[in-house]
S.K.: 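Can you read through this structure? Questions will come right after.
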Amino acid sequence: MGCALNPTKNSNMPAFLSKLWTLVEETHTNEFFTWSQNGQSFLVLDEQRFVKEILPKYFKHNNMASFVRQLNMYGFCKVLHIGSGIVKQERDGPVEFQHSYFKQGQDDLLENTKSKVSSSKPEENKILGLKA
Amino acid sequence: MGCALNPTKNSNMPAFLSKLWTLVEETHTNEFFTWSQNGQSFLVLDEQRFVKEILPKYFKHNNMASFVRQLNMYGFCKVLHIGSGIVKQERDGPVEFQHSYFKQGQDDLLENTKSKVSSSKPEENKILGLKA
Amino acid sequence: MGCALNPTKNSNMPAFLSKLWTLVEETHTNEFFTWSQNGQSFLVLDEQRFVKEILPKYFKHNNMASFVRQLNMYGFCKVLHIGSGIVKQERDGPVEFQHSYFKQGQDDLLENTKSKVSSSKPEENKILGLKA
DNA sequence: AACGTTCTAGAATATTCGTTG
DNA sequence: GCAACGAATATTCTAGAACGT
């Protein structure tokens, strides 16, 4: 049966998603991890602080690469910033990720987001979500 | 032992459930074994003390694993904690379990909770309880 | 670090096995984690200290259950201690595990020990090792 | 026969590392 | 170069199985 509940939303949502939601909703870290202005994506404004201060509190690692791997597993895509620098990038540009069912104020969309490898029926995994 | 009802010894309730109820109602162990704040689950706040001091008083063992096995047998589910990241040397997060018919103040729900393997008709075991 | 061979970093051995080997070879923790007298198995003499002091240094958790799960995955078996107490138990008996290719002084046996789920050919996984 | 205790395994998600396009 | 992915191992939670009372 639906066990291993997580307390945020009393559902069996994967831990990664509820953690990510909690993270981005946290107001005291908005300085370097927050929703984008229009709420359609989220931003890592200071990767160093994010990796050092946030990741180890919520996950069993402190590697940006592992965090990104999880994002990709759940269908998030990086938002590319083109032409944001001449040589390379002025400094490190912010890291931005987006998912069609992960938007500010719409935690209901998140409900049934699935991992790409979670279920045994592959065709149901490719994307995710029933509310669509 | 205080005023709390103690649904023991007067029914055909499995020993595990009445012991668990007694345990969590005990006020003098609330420091490390107690109801959660909203009474919807119970917490093991200090696993080491719980294992050494409480388990052997009620059961024929002092293994957390055996206790958890029984919880799962009766349909209890672990409550996941968002902030369970890299292990801190200092303190462990509490262990929390929940069951829809095991709630503070509602010992009547507990009455007919059944083990998942007790009956020979599997479909009747999945959950349990008639008062619902 | 003493004279014991340490079969790490120079092979494709899974991290769990090389860590386990390192652990049991460490002399300064022999007080509560060590080879058995005949070197055919290893002992956890103080589970609480082992869980708190050793596990988090080598793994991303501090749960005995997770450690045991890994041991079973690699084919280790618990060594049963019969008649280890009359009324209850004087103290806690030590936890002992054994594997036919994990023996003191024979790190060569360990070389090709495989997880039960690692390869895609199930029949080759059941046990393990090529040197036998 | 039901329940309790122990040891091992199943299944899902998480983390790492290396590859693909 | 680099975002996304495949695959192996690791961690977690729950269940199967054997045995005893």
Side-chain angles (χ1 to χ4, degrees), chain A residues 1-6 12-19 55 58-80 88 95 97 114-120 125, chain B residues 12-19 55 58-81 84-87 95 97 114-120 125, chain C residues 12-19 55 58-82 95 97 114-120 126:
Chain A
M1 284 292 117
C3 271
L5 304 178
N6 63 52
N12 44 15
M13 180 186 309
F16 177 76
L17 292 174
S18 51
K19 287 178 180 180
L55 284 184
Y58 289 86
F59 305 100
K60 290 183 180 298
H61 66 79
N62 52 0
N63 308 305
M64 190 63 181
S66 296
F67 179 65
V68 172
R69 186 69 191 89
Q70 282 286 73
L71 288 171
N72 286 326
M73 289 280 266
Y74 284 93
F76 286 76
C77 291
K78 188 163 188 172
V79 178
L80 302 181
K88 270 190 177 180
V95 179
F97 276 90
K114 298 281 189 301
S115 163
K116 291 186 176 182
V117 294
S118 61
S119 158
S120 44
N125 295 324
Chain B
N12 48 9
M13 182 185 308
F16 176 76
L17 291 174
S18 56
K19 286 178 180 178
L55 284 184
Y58 288 84
F59 306 100
K60 296 182 193 305
H61 66 81
N62 57 353
N63 308 305
M64 190 63 180
S66 296
F67 180 64
V68 172
R69 186 69 191 90
Q70 282 285 73
L71 288 172
N72 284 326
M73 290 279 269
Y74 282 94
F76 285 77
C77 293
K78 189 157 187 174
V79 178
L80 302 182
H81 293 168
S84 57
I86 286 183
V87 188
V95 177
F97 276 90
K114 297 279 190 301
S115 164
K116 289 186 177 182
V117 295
S118 59
S119 159
S120 44
N125 296 323
Chain C
N12 48 9
M13 182 185 307
F16 177 75
L17 291 175
S18 56
K19 287 178 181 180
L55 284 184
Y58 289 85
F59 306 100
K60 292 180 181 298
H61 66 80
N62 56 353
N63 308 306
M64 189 64 180
S66 295
F67 180 65
V68 172
R69 187 69 192 87
Q70 282 286 73
L71 288 172
N72 286 325
M73 290 280 268
Y74 282 94
F76 286 76
C77 292
K78 189 161 188 174
V79 178
L80 303 182
H81 297 161
I82 51 177
V95 177
F97 276 90
K114 296 282 187 301
S115 163
K116 290 187 178 182
V117 295
S118 60
S119 159
S120 43
K126 255 318 177 188

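Quick note on labels: first sequence line is chain A, next is B, and so on, each numbered from 1.
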S.K.: Can you tell if the side chain of A:Lys19 reaches within under 4.5 Å of the side chain of B:Ser84, non-hydrogen atoms only?
M.R.: yes
S.K.: Using a cut-off of 4.0 Å between protein heavy atoms and nucleotide atoms, how would you tag nucleotides 14-21 of chain D 5' to 3' with B, S and -?
M.R.: SBBB----
S.K.: In Watson-Crick or G-U wobble terms, both distances under 3.5 Å, what is the partner of E:dC19?
M.R.: D:dG4
S.K.: Just the rounded figure in Å: distance from C1' of E:dA17 to CG of C:Asn72.
M.R.: 13 Å
S.K.: I need the B:Asn63 CG to B:Arg69 CZ distance, nearest 0.5 Å.
M.R.: 14.0 Å
S.K.: Figure out the CG/P separation between A:Leu71 and E:dC5, and round it to whole Å.
M.R.: 12 Å
S.K.: Would you say the side chain of C:Phe67 lies within less than 4.5 Å of the side chain of C:Gln70, judging by non-hydrogen atoms?
M.R.: no
S.K.: Side chains of B:Phe97 and B:Val68: does their closest heavy-atom pair fall under 4.5 Å?
M.R.: yes
S.K.: Find the distance C:Lys78:NZ to D:dT8:P and express it as a whole number of Å.
M.R.: 8 Å
S.K.: Partners of A:Asn62 by side-chain hydrogen bond (donor to acceptor under 3.5 Å, both in side chains), sequence neighbours excluded?
M.R.: none
S.K.: Does C:Lys116 make a side-chain N or O approach to OP1 or OP2 of D:dA9 shorter than 4.0 Å?
M.R.: yes
S.K.: For B:Phe16 and B:Tyr74, take the angle between the two ring planes, folded into 0 to 90°, and tell me which bin it lands in: parallel under 30, tilted 30 to 60, perpendicular over 60.
M.R.: parallel
S.K.: Can you check the B:His81 NE2 to E:dT11 C1' distance for me, whole Å?
M.R.: 17 Å
S.K.: What integer distance in Å separates B:Phe76:CZ from E:dT14:P?
M.R.: 12 Å
